[in-house]
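Every number for a ligand or one of its atoms is a count from 1 in the order of the listing.
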Amino acid sequence: MRPARALIDLEALRHNYRLAREVSGAKALAVVKADAYGHGAVHCAEALQGEADGFAVACIEEALQLREAGIQRPILLLEGFFEASELELIDRHDLWCVVHSLWQLEAIEQARLARPLTVWLKLDSGMHRVGLHPEDYQAAYRRLEASGKVARIVLMSHFARADELDCPRSEEQLAAFRLASRGLNAEVSLRNSPAVLGWPKIPSDWVRPGIMLYGATPFEQAHPLANRLQPVMTLESKIICVRELPAGEPVGYGARFVSERTTRVGVVAMGYADGYPRHAPTGTPVAIDGQASRIIGRVSMDMLTVDLTDLPQAGLGSRVELWGKQVLASDVAACAGTIPYQIFCNLRRVPLRYV
Ligand SMILES: *Cc1c(COP(=O)(O)O)cnc(C)c1O
């Protein structure tokens, strides 16, 4: 059997969830969209079911998958519904729903529902992706109240630059949110992972941690709270072939690496078809039997190559950690010019094993 696999540490997931609640002092929706950032939404939701205040997903298909697996806690649809016809399922499965556009508000006003909805009313406070215009916000709130279709409204917005700790934009967005929501007596939800970890003064009755649950930092620079996160996923495989090359020999497609000295090359059963980033260059860290090394040459579809020259005890069958508790996914992502969110979501073909 091919040795490539991803181990998922559900105790670490629970630790990170508790950390989000502890540092925010708020209720927390565990964001498990996109199959829990590649970690398996059903398993992750089951692991948190006993303690999570609720879950958040991107769409009704993801929510129904959780309901079918027996997840009973509240589930928020972060983009609400894409068509009014989804309201029937939202009603039947008791889902919470973001309203980010006026057409959604109108659809709720016209819907026939068995029970009143919980709506998270989203303001565009400056990210300019989705969310109601500040000038429409109060009127939308009043219309939802008057519709008779809504039991509870949570005021919500989303930050564009909370991962940039020196950037004033999050404070500006907060000021825009305060102005638009002035006088509305409702719970508030503003903070995603970087805002939970990096912006303690921004209020939130509900936080929405995603990436931090999986133990990866949302920041480019070191941060003391991010150091308390525990990586959840360990992507690992084994050395399947070893060869020794004299100086001056190329390795792999495009000869992107040429040995400068006698080099022991290990071939690892892991490639970009597994979601390992093809853009990871020579020098990207790996750990081999617990010792630091680096990849050399281009990542190919099913294999990649590593430097064993300074690890004489490593060889055929040695365990390779591509990312996990020793090699941080955020460091691999940075080498590949991307973010840990993307390398987790790109994972495929490798079996997930829950521990
Ligand atoms: C994905 C998402 C989150 C989680 O973001 P992280 O940076 O992963 O914590 C929070 N809120 C909304 C609206 C989202 O779409």
Problem set entry | Residue Ile211 vicinity, atoms of ligand 1 by number, heavy atom under 4.0 Å | 6 (P), 8 (O), 9 (O)
Exercise. Is Pro194 in contact with ligand 1, taking contact as a heavy-atom separation below 4.0 Å?
Worked result: yes
For this session: Answer with yes or no whether the hydrophobic clustering places Val154 together with Phe159; edges join I, L, V, M, F, W, Y residues whose side-chain heavy atoms lie under 4.5 Å apart.
Result: yes
Problem set entry | Polar side chain donor-acceptor pair, Glu236 to Thr234, under 3.5 angstrom | no
For this session: Give yes or no for whether the N/O distance cutoff of 3.5 Å, strictly under, is met between Arg129 and ligand 1.
Result: no
Exercise. Looking at ligand 1, does any of its N/O atoms fall within less than 3.5 Å of an N/O of Ser193?
Worked result: yes
Exercise. Among protein heavy atoms, which lies nearest atom 15 (O) of ligand 1, and at what distance?
Worked result: Lys33 NZ, 2.8 Å
Seminar exercise, completed: One should read off an interatomic distance between Leu48 CG and His43 NE2, to the nearest 0.5 angstrom, of 13.0 Å
Exercise. To the nearest 0.5 Å, how far apart are CG in Asp205 and CZ in Arg191?
Worked result: 11.0 Å
Problem set entry | atom 11 (N) of ligand 1: nearest protein contact (heavy atom, Å) | Arg208 NE, 2.9 Å
Seminar exercise, completed: For atom 12 (C) of ligand 1, the closest protein heavy atom turns out to be His158 CE1, 3.4 Å
For this session: Provide the number and element of each atom of ligand 1 under 4.0 Å from a heavy atom of Tyr341.
Result: 6 (P), 7 (O), 8 (O)
Problem set entry | Flag, side chain of Thr118 to backbone of Trp96, donor-acceptor distance under 3.5 Å | no
Exercise. Measuring from Asp307:CG to Leu311:CG, what's the distance to the nearest 0.5 Å?
Worked result: 7.5 Å
Exercise. Is the closest basic N to carboxylate O distance between Arg112 and Asp91 below 4.0 Å?
Worked result: no
Problem set entry | Contacting atoms of ligand 1, where contact means under 4.0 angstrom from a heavy atom of Tyr37 | 1 (C), 4 (C), 5 (O), 6 (P), 8 (O)
